[in-house]
Participant: 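Quick one: this structure, given as structure tokens, is what I'll be asking you about.
Quick caveat, the model's predicted, so the values are computed rather than measured. Any value given below was found using the heavy atoms of this structure, including those in side chains, with hydrogens, waters and symmetry copies removed.
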Amino acid sequence: LNQSYQPFPELKHVVIDTSVRNSNITENVLNTVKNINSYKNIQIIEIEDYRDFLNKIQHNTHEEFTKTTLLIYPEKGKYMHACPGSDGVVCCRYFVLDLGMNCPYDCHYCYLQTYAKYPILTVAGNAAELLADLEHRITSYPDIHWRIGTGEYADSLALENLTGMGELLITFFSRIKNATLELKTKSIEI
């Protein structure tokens, strides 16, 4: 075990879109930062529209908003997509859930170091709402076994101690008979 390992990522800011202020993900984060000594100086920022916040980060150099910033936002776009597969390979019908972006780790070999459009960590605060939609999709096709994973654009468990997202996903998928969940992580918080 790396002696510098910390079970909680270094955070200086938690930015919350007010539309997800009362979500279980937001509540988990706020309860955790309130009770962890290393977060005693963390700045909690509530905003009306996360897109304005991201736009400001993209168009200005805000060195204070880095991987030490967690944005909790309402995912309104396409939160699940089919794995694109590789050329010349038969598709395995694997699907990917995108419930966040970026990772607190700085692995030099990881594509997220240059792929992420914004230098901050994000997590979908409306995950419960998205999972209700996903349940409808999955149960509408009971003869298909769904393979669904996370971890393409964000580490699946790196923020688990803060967000409880993994627990939410595992509880959800434990009820679904025709689906398998895969969580991809570099974290030892398993």
Side-chain angles (χ1 to χ4, degrees), residues 8-36 38-82 84 95-106 110-137 148-169 171-172 183:
F8 298 96
E10 179 186 353
L11 286 180
K12 295 179 180 174
H13 310 94
V14 173
V15 181
I16 304 164
D17 186 291
T18 55
S19 68
V20 292
R21 174 58 182 89
N22 296 317
S23 76
N24 57 344
I25 298 295
T26 303
E27 291 300 319
N28 288 345
V29 170
L30 292 177
N31 286 335
T32 301
V33 299
K34 178 175 62 177
N35 293 310
I36 302 297
S38 62
Y39 290 148
K40 67 182 175 190
N41 295 321
I42 202 165
Q43 185 179 11
I44 307 295
I45 304 167
E46 292 199 22
I47 57 174
E48 292 296 320
D49 188 338
Y50 75 97
R51 292 168 294 203
D52 291 340
F53 177 75
L54 292 176
N55 192 38
K56 288 176 186 173
I57 289 175
Q58 186 177 15
H59 291 96
N60 297 310
T61 306
H62 287 289
E63 291 182 16
E64 73 267 25
F65 295 118
T66 63
K67 286 186 177 187
T68 60
T69 299
L70 174 63
L71 170 64
I72 307 171
Y73 72 102
E75 176 59 63
K76 302 274 188 207
K78 187 175 177 184
Y79 67 93
M80 186 173 82
H81 66 275
F95 291 87
V96 179
L97 280 177
D98 297 320
L99 300 175
M101 175 64 84
N102 220 335
C103 172
Y105 306 133
D106 287 317
C110 182
Y111 71 96
L112 286 176
Q113 301 304 328
T114 57
Y115 181 81
K117 189 174 182 179
Y118 307 102
I120 63 173
L121 307 171
T122 68
V123 64
N126 61 329
E129 171 188 319
L130 299 175
L131 291 177
D133 177 66
L134 181 60
E135 183 169 13
H136 176 73
R137 284 189 198 188
I148 301 174
T150 63
E152 182 175 29
Y153 298 128
D155 187 288
S156 299
L157 298 175
L159 300 176
E160 178 62 15
N161 287 336
L162 278 171
T163 66
M165 180 71 78
E167 182 178 351
L168 178 69
L169 291 170
T171 301
F172 170 79
L183 300 170

Participant: Is there a side-chain contact between Ile25 and Met165 in this structure, where contact means two heavy atoms from C-beta onward sitting under 4.5 Å apart?
Facilitator: yes
Participant: Side-chain contact test, heavy atoms from C-beta onward, threshold under 4.5 Å: evaluate it for Tyr39 versus Leu162 and give yes or no.
Facilitator: yes
Participant: State, yes or no, whether a side-chain contact exists between Asp106 and Lys67 at a heavy-atom distance under 4.5 Å.
Facilitator: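 SC-SC contact between Asp106 and Lys67 confirmed.
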Participant: Would you say Leu97 and Leu134 make side-chain contact, with heavy atoms under 4.5 Å?
Facilitator: yes
Participant: Please name the residue in the list Asn41, Ile36, Ile42 that meets the side chain to side chain contact (heavy atoms under 4.5 Å, CB included) test with Ser38.
Facilitator: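 Single side chain to side chain contact (heavy atoms under 4.5 Å, CB included) partner of Ser38 among Asn41, Ile36, Ile42: Ile36.
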Participant: Can you tell me how far apart CG (Leu121) and NE2 (His13) are? Round to the nearest 0.5 Å.
Facilitator: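 If we round to the nearest 0.5 Å, Leu121:CG and His13:NE2 are 12.5 Å apart.
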Participant: Are Ser23 and Asn126 packed together at the side-chain level, in the sense that at least one heavy-atom pair is separated by less than 4.5 angstrom?
Facilitator: no
Participant: Is any side-chain heavy atom of Thr69 closer than 4.5 Å to a side-chain heavy atom of Ile57?
Facilitator: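 Thr69 vs Ile57: side chains apart.
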Participant: Please check: side-chain N/O of Asp17 versus main-chain N/O of Tyr50, any donor-acceptor pairing under 3.5 Å?
Facilitator: yes
Participant: Which value, rounded to the nearest 0.5 Å, describes the distance between Ile45 atom CD1 and Leu70 atom CG?
Facilitator: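 Taking CD1 in Ile45 and CG in Leu70, the distance rounds to 11.0 Å.
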Participant: Ion pair present between Asp133 and Arg137, side-chain N to carboxylate O less than 4.0 angstrom?
Facilitator: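 Yes.
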Participant: Please lay out, stage by stage, how Thr163 and Thr32 fare under the test side-chain contact (heavy atoms from CB on, under 4.5 Å).
Facilitator: CA-CA 8 Å; Thr163 66; Thr32 301; over 6 Å; no
Participant: Less than 4.5 Å apart, side chain to side chain, heavy atoms only: is that true for Ile16 and Val14?
Facilitator: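 A side-chain contact exists here, since the closest heavy-atom pair is under 4.5 Å.
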Participant: Just checking Lys12: does its NZ atom have more than 12 heavy atoms from other residues, nucleotides or ligands closer to it than 6.0 angstrom?
Facilitator: no
Participant: To the nearest 0.5 angstrom, please state how far the CD atom of Glu75 sits from the CG atom of Leu130.
Facilitator: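 It comes to 6.5 Å.
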Participant: To the nearest 0.5 angstrom, please state how far the OG1 atom of Thr18 sits from the CD1 atom of Ile47.
Facilitator: 8.0 Å
Participant: Has the side chain of Glu160 got a donor or acceptor atom that lies under 3.5 Å from a matching backbone atom of Glu167?
Facilitator: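 Yes.
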Participant: What is the distance from atom OG1 of Thr122 to atom CG of Asn102, rounded to the nearest 0.5 Å?
Facilitator: 7.5 Å
Participant: Checking Thr26 side chain against Val20 main chain: does a donor-acceptor pair fall under 3.5 Å?
Facilitator: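 Side chain of Thr26 to backbone of Val20: a pair is present.
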Participant: How about Ile72 and Val123: do any of their side-chain heavy atoms sit closer than 4.5 Å?
Facilitator: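 Sidechains of Val123 and Ile72: in contact.
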Participant: Could you tell me the separation between the NZ atom of Lys76 and the CD atom of Glu129, rounded to the nearest 0.5 Å?
Facilitator: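 It comes to 6.0 Å.
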